[in-house]
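What follows is one structure encoded as structure tokens, with my remarks underneath.
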Number of protein chains: 2
Amino acid sequence: MRLRHVLLVLIAERPHTGYDVTQRMQKTMSMIWSAHHSQIYPELAAMEADGLLTCEAGAGPGPREKKTYTVTEAGRHELRIWLGSPYQPRAPKDELVLRAFAAASADPAELAAVYEEETRQIEGRLARYATIRAEVEESGHTDDPTRPEFGHLLSLLHGIAVAEARLVWCRDTVRRLRAADLVR
Amino acid sequence: MRLRHVLLVLIAERPHTGYDVTQRMQKTMSMIWSAHHSQIYPELAAMEADGLLTCEAGAGPGPREKKTYTVTEAGRHELRIWLGSPYQPRAPKDELVLRAFAAASADPAELAAVYEEETRQIEGRLARYATIRAEVEESGHTDDPTRPEFGHLLSLLHGIAVAEARLVWCRDTVRRLRAADLVR
DNA sequence: GGATGCTATGTCAAAACTGACATAGTTGGG
DNA sequence: CCCAACTATGTCAGTTTTGACATAGCATCC
């Protein structure tokens, strides 16, 4: 039940619909977590059944009602329990680095192209992060730990730091692969 | 079928038993991938059934036979296909950063303790990486792209670069949380 | 002599996740 | 006027992953 905590974190900030949560995961939170709506909607229903959320339904654009969820006191309690529990890192799964690990089985030039493309992707991501960072810092609430913006900035700074490290690594990897390809 | 490719990468280097693969995932490859043996053994059997691996069985220490798997020509072909296919990044899931994102719902001092502990964990990890790096570089095959050590060094350099970036971020996060806790 | 840990392989139920299918109103552009 | 995109919620089958249970010889330490 890890998605449960992600949903609690988001909805604790302010009420959300399932659609809102899905959007935020794809945008602001994409460097931390992601889930499809097909996983989110059932989980929200289960959390309501377990008393962690309450739901207010109104007219929706489609054939179904639009449901806005709010965290209950039990939900906030559960969130605090989780935040105080010891952190156990999970297995990272990084296909990009796995390909580098397998370099001996690959064509160096072909692999270099993969990392060159990734370099461009990361540059784009860093530009988007810079925009978001400016917005968050403009809000002026980044020093107040009771405001969501405080945590948002922290996670954003992590995203930027890791993206920069990966960018440097990607460029170095391209260089090493090209050098190896010439020797061959 | 992503575990399949991880297994192909490892067994393409040299023959492995299921146990060997499990060990290597926990040690050398821990920063790239991990899987429990309960997932590995059935997958190896499926890969043999699909003709990607061949298996040689001998006497084992327990009640069952020890099985050593080798990659077939079909397996090497499948591996090359995958290495040439476009890379599509998957959703990273980072519980450590999620907690920072949720800072507004947490006790700053309690959260700072989590990141202080993580700082120590990363320092330990970096020390282990440095040892492995020295071993790999001592082998003298890190410039030869046909040798597994070439790829091993690449992935190790990624692990080091990302760990260092996270270390800096963790320290900064502790500092920000402590400052916020004093203001409160 | 007993406890612990390592080698070694397996099963199984449950949980988590993915990708596709399904529905329908509104808004904006060409 | 039609097409595309956006808002909004749901199901379902299949795949992947986790965590627990199960077995047994051998080595090492106390």
Side-chain angles (χ1 to χ4, degrees), chain A residues 1-8 10-11 15-27 29-30 32-50 53 55-69 82 88-95 98, chain B residues 1-8 10-11 15-27 29-30 32-50 53 55-69 82 88-95 98:
Chain A
M1 295 257 178
R2 292 151 72 208
L3 176 62
R4 181 158 291 209
H5 296 122
V6 183
L7 299 180
L8 276 177
L10 286 174
I11 306 173
H16 276 73
T17 66
Y19 187 80
D20 293 338
V21 170
T22 311
Q23 297 301 302
R24 288 198 69 192
M25 284 221 189
Q26 281 169 19
K27 287 168 191 154
M29 287 191 80
S30 60
I32 309 177
W33 212 274
S34 96
H36 290 181
H37 76 274
S38 56
Q39 202 191 349
I40 291 165
Y41 288 113
E43 187 60 30
L44 287 173
M47 287 166 77
E48 195 201 348
D50 290 347
L53 303 176
C55 167
E56 219 180 325
R64 293 192 189 82
E65 288 191 308
K66 173 176 160 166
K67 295 177 180 172
T68 306
Y69 291 94
W82 171 69
Q88 269 144 331
R90 296 283 180 134
K93 303 205 168 172
D94 198 328
E95 207 187 291
L98 179 63
Chain B
M1 297 260 177
R2 293 152 72 208
L3 176 61
R4 182 159 289 210
H5 295 123
V6 183
L7 298 180
L8 276 177
L10 286 175
I11 306 173
H16 276 73
T17 66
Y19 188 80
D20 292 338
V21 169
T22 311
Q23 297 302 303
R24 287 198 70 190
M25 284 222 189
Q26 281 170 19
K27 288 169 190 154
M29 287 192 80
S30 61
I32 309 177
W33 212 275
S34 95
H36 291 182
H37 75 274
S38 57
Q39 201 190 353
I40 291 165
Y41 288 113
E43 187 60 30
L44 287 172
M47 287 167 77
E48 194 201 347
D50 291 348
L53 302 176
C55 168
E56 217 180 323
R64 292 192 190 82
E65 286 191 308
K66 172 175 159 166
K67 294 177 182 172
T68 306
Y69 291 94
W82 171 69
Q88 268 144 332
R90 296 281 178 135
K93 304 205 167 172
D94 198 327
E95 206 187 293
L98 177 64

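Here is how names work: the chains are called A, B, and so on, in the same order as the sequence lines, proteins then strands, and each is numbered from 1.
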Distances for protein N or O near nucleotides 3-5 of chain D N or O, under 3.5 Å:
none

Per-nucleotide protein contact string for nucleotides 17-24 of chain D (B base, S sugar-phosphate only, - none; heavy atom under 4.0 Å): SBBB--BB
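- Shown here are the side chain to side chain contact (heavy atoms under 4.5 Å, CB included) partners of Ala49(B), two or more places apart in sequence or in another chain: there are none.
- With sequence neighbours excluded, no residue satisfies salt bridge (Lys or Arg N to Asp or Glu O under 4.0 Å) with Glu65(B).
- By the side-chain hydrogen bond (donor to acceptor under 3.5 Å, both in side chains) test, Thr17(A) is found to be paired with Asp20(A), residues two or more places apart in sequence or in another chain being considered.
- Checking side-chain atoms of Ser34(A) against main-chain N and O of Ser30(A) turns up no donor-acceptor pair under 3.5 Å.
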Output one line per pair: protein atom, nucleotide atom from nucleotides 13-15 of chain D, and distance, for all N/O pairs under 3.5 Å.
none

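- Shown here are the side chain to side chain contact (heavy atoms under 4.5 Å, CB included) partners of Gln39(A), two or more places apart in sequence or in another chain: Leu3(A), Ala35(A).
- Residues passing the salt bridge (Lys or Arg N to Asp or Glu O under 4.0 Å) test with Glu56(B): none are found, sequence neighbours excluded.
- Applying the ring pair (Phe, Tyr, Trp, His ring centres under 6.0 Å) test to His36(A) and every residue at least two apart in sequence or in another chain returns nothing.
- In this structure, the side chain to side chain contact (heavy atoms under 4.5 Å, CB included) partners of Arg24(B), at least two apart in sequence or on a different chain, are Phe101(A), Leu10(B), Glu13(B), Arg14(B), His16(B), Thr28(B), His152(B).
- We find that OH of Tyr41(B) is positioned 17 Å from P of dC12(C), with the value rounded to whole Å.
- Ile40(A) places its CD1 atom 14 Å from the C1' atom of dG19(C), with the value rounded to the nearest Å.
- Scanning for ring pair (Phe, Tyr, Trp, His ring centres under 6.0 Å) contacts around Tyr41(A) gives His37(A), with sequence neighbours left out.
- Taking atom CD of Gln26(A) as the reference point, atom C1' of dA8(D) lies 14 Å away to the nearest angstrom.
- If you measure from atom CG of Leu44(A) to atom P of dT9(D), you get 9 Å, rounded to the nearest angstrom.
- A sub-4.0 Å separation between OP1 or OP2 of dT9(C) and a side-chain N or O of Tyr19(B) is absent.
- Per the geometry, CD belonging to Glu65(B) stands 16 Å off P belonging to dG25(D), to the nearest Å.
- Between the CD atom of Gln23(B) and the C1' atom of dG5(C) there is a distance of 12 Å, rounded to whole Å.
- Not a single side chain to side chain contact (heavy atoms under 4.5 Å, CB included) links Ala59(B) to another residue, sequence neighbours left out.
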